[in-house]
Amino acid sequence: MDLNPAQRDAVTTPSGPLLVLAGAGTGKTRVVTYRIAELIRRRVRPARILAVTFTNKAADEMRERALALIGRKLRARPEISTFHSLCVRVLRRHARRLGYPDAFAIYDRGDQEGVARGALREIRAGDGLLRPGELIWRIGRWKTASVRPDRAAATAHTDKDHLAAAAYRRYQNTLRTQGAVDFDDLLLLTEELLQGFPEILEAEAGRFDHLLVDEYQDTNAVQYRIVKALAAGHRNLCVVGDDDQSIYGWRGAEVAHILRFKRDWPEAKVVRLETNYRSTREILAWANRLIAFNKLRHDKRLRCARRGDKPRILQCENEAEEAKAVVGEIAERVRARKRKPRDFAILCRTNEQPRAFETELRQAELPYVLVGGMSFYDRKEVRDLMAYLKLLAKPRDEAALLRVINTPARGIGQTTVQKLTETAVGAGKPVWDVLGRAGRMGGVPDAAREGIRRLRELITRYREQSKHVPLAKLVRGLVEELGYRDELARIYRNPDDRDARLAAVDELLASVGAYAERTPRPTVGGFLQQVALSTMDDDRDKEAKLQRNAVVLMTLHAAKGLEFPEVYMVGMEEGLLPHHRAVSEGGGAVDEERRLCYVGVTRARQRLTLSLALSRQKWGKARPTQPSRFLYELTGQADNPNYLAAIGKRARTGPTKAGGAAQRRASSGRR
DNA sequence: GACTCGAGTCCCGCC
DNA sequence: GACTCGAGTC
């Protein structure tokens, strides 16, 4: 084993609780994978080992590395999955006990918005006091704190809180009647099962003898309790984490869990990893300097050996120029055969940033993969078709039905929809169940009546067909019969726009086809669940994806746990990193942004470039930007008046004309 | 009921 | 810029 003494210590520590405190690039994931291999060597059955990660990408990588170590021939494999996938599997087995159907639906952000909108309408809060987005955010906060709908009102202080609490109750009722759960529910319901049913806890905890948790600093309270419940019996719990990389505070992660570990597991062994093998000394110097600005942290300084180039700062006129410059550089280095496309990562703060880079990458004919960012499934046309698929799986899916009840237009207007909804609410039934009565309802125009009949007939017929017609063929036929392509062509007159939307329809059809091909018994419901979790549980698919020699484009959050020879961190501006929401929130929010920046910087092995645009489009207007405060911190310019201005302290010296220009040059790096 | 137009709002990140 | 909502018109 080519491990250093500390790593070896962590890997070979006998069973029992183990806490690995590790800095960035010290081989955390390596320790987990080697430990899995070591356990198997010690005759632990692979299937009795469970390793949990936070992102799909991290799970993919870990699975890949573990298989490389233990050999692909093993029939039984260790289970390596994200928290949420793990919970889905537990829930699939026991959801009935909580009154949910086996084939519960998982609602994503878009679905949630539909439900939230309905809930707000029901309590007549449509005057804008509380909008769907904010409601979802508030519900998320309640859920991560395990506050149930009936208890939420007790925590309310303002009118808005009470309104949100009432909407939360409606929201949760809607989910329940639709047999659906949101992402937070996946965790909450799993915990409920484990706490409330001893036999379920016994069965689920009994599936594994060893539990390993990567990125432990990012567990929230619910995840923490699930881990505890699963490991309490065998106590073979190995957690690995770094407080400097805690970047999920916004969804309830608490660094405290990592500190509390020793108290909950008193016999736990603690191993520290402090030698960084990933990055050059120069990159690490910047990272260390940056993270030192956070006050609340365990002071640690990463040691390292390798030397390399100093990181660079690239200053561009606007975001288009930024994309051009970055992609141009990558293309040049690939052409000069210095690097392969897969050696590069472009890291962004938000999901909106990649667009400009995608355009450039396509133009440069560089292969790329966009990791995460549900953007494809956020598209209107994709959501429409997905809604139809949801109706096929479950006609009582209210959100889906209301979305497409008149798409493509079939004469069912708002008044009719309202009438239907009222009748349904009055009868305590889902809208689908009262569609049959529409013929007898007063005040429904003939056209609407006919439209309702056609829709009902269409869904019923395709549901029937779904029992024997192959999935891909079924969906193709549905799109055809809906005349959805024609509808798109009618609405979007602009050819580029139209083609892009038609292409998205084709892409969706292709992904249904791919799913059907690799799944033994493909179903509409199965496809929907997979999309909701955006997991592709097929090894072939995964290997193909990882081997694809492509530039990786993703958010900083998604990049955690990964590494690349060359990293471009783009959009290094106030408002983006740190994000303006974090800045206005105050408190520890900016510290978390700093950790996020730290995570990005430490992804780079040899070459790091930070870029910024002097002006950036926001909401349709180009606006001037200000360099990120982190650029000053990274480069040791905390005494720069521009920095003090950025962090809101009064500059000690007012910038003069000449001085301003000089500082601008200084802030863009010296090289 | 369908369509157009203007006003107002908006999204941070992941599963 | 993109989207939704409401008002107004056909």
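Below, read A as the first sequence line, B as the second, and so on, with proteins coming before strands; counting in each chain starts at 1.
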Which one, [options], comes nearest to the side chain of [X]?
| X | options | answer |
| --- | --- | --- |
| Arg251(A) | dC12(B), dT9(B), dC15(B) | dC15(B) |
| Ala409(A) | dA2(B), dC12(B), dT9(B) | dA2(B) |
| Trp619(A) | dG1(B), dG13(B), dG1(C) | dG1(C) |
| His557(A) | dG13(B), dT9(B), dC15(B) | dG13(B) |

If the cut-off is 4.0 Å, is [X] near the phosphate of [N], judged by side-chain N/O to OP1 or OP2?
| X | N | result |
| --- | --- | --- |
| Asn351(A) | dC11(B) | no |
| Thr416(A) | dG1(B) | yes |
| Thr555(A) | dC14(B) | yes |

Q: State whether the number of non-hydrogen atoms from other residues, nucleotides or ligands found under 6.0 Å of Arg449(A) atom CZ is greater than 12.
A: yes

Q) Does a sphere of radius 6.0 Å around CD in Glu317(A) hold more than 12 heavy atoms from other residues, nucleotides or ligands, not counting ones at 6.0 Å or beyond? A) no

Calculate the interatomic distance between [X] atom [atom1] and [N] atom [atom2]; express it in whole Å.
| X | N | atom1 | atom2 | result |
| --- | --- | --- | --- | --- |
| Ile247(A) | dC14(B) | CD1 | P | 10 Å |
| Arg355(A) | dC11(B) | CZ | P | 15 Å |
| Asp108(A) | dG13(B) | CG | C1' | 16 Å |
| Arg89(A) | dC15(B) | CZ | C1' | 13 Å |
| Asp218(A) | dC14(B) | CG | C1' | 10 Å |
| Trp137(A) | dG13(B) | CH2 | C1' | 14 Å |
| Arg117(A) | dC10(B) | CZ | P | 11 Å |
| Gln217(A) | dC14(B) | CD | P | 16 Å |

**Q.** 5' precedence on DNA chain B between Ile412(A) and Glu113(A) (nearest-nucleotide basis)
**A.** Ile412(A)

**Q.** Toward the 5' end of DNA chain B, by each residue's nearest nucleotide, His579(A) or Gly411(A)
**A.** Gly411(A)

Q: Indicate whether any N or O donor in one side chain lies under 3.5 Å from an N or O acceptor in the other, for Gln245(A) and Tyr598(A).
A: no

Q.
On the side chain of Arg581(A), is there an atom forming a donor-acceptor pair with the base of dC12(B) - under 3.5 Å, no angle test?
A. no

Within the 4.0 Å heavy-atom criterion, would you say [X] contacts the bases, only the backbone, or no part of the nucleic acid?
| X | result |
| --- | --- |
| Asn406(A) | sugar-phosphate |
| Glu134(A) | nothing |
| Phe54(A) | sugar-phosphate |

Q. Hey, is Trp250(A) doing a stacking thing with dC12(B), by the 5.5 Å centroid and 30° angle criteria?
A. no

Q | His84(A) over dC15(B), stacked by centroid distance under 5.5 Å, angle under 30° | A | no

**Q.** Main-chain N/O of Leu612(A) paired to Glu573(A) side chain as donor or acceptor, under 3.5 Å
**A.** no

(Q) Given 3.5 Å as the limit, does a donor-acceptor pair link the side chain of Arg603(A) with the main chain of Val599(A), or not? (A) yes

Q | Arg207(A)/Glu79(A) ion pair, N-O < 4.0 Å | A | no

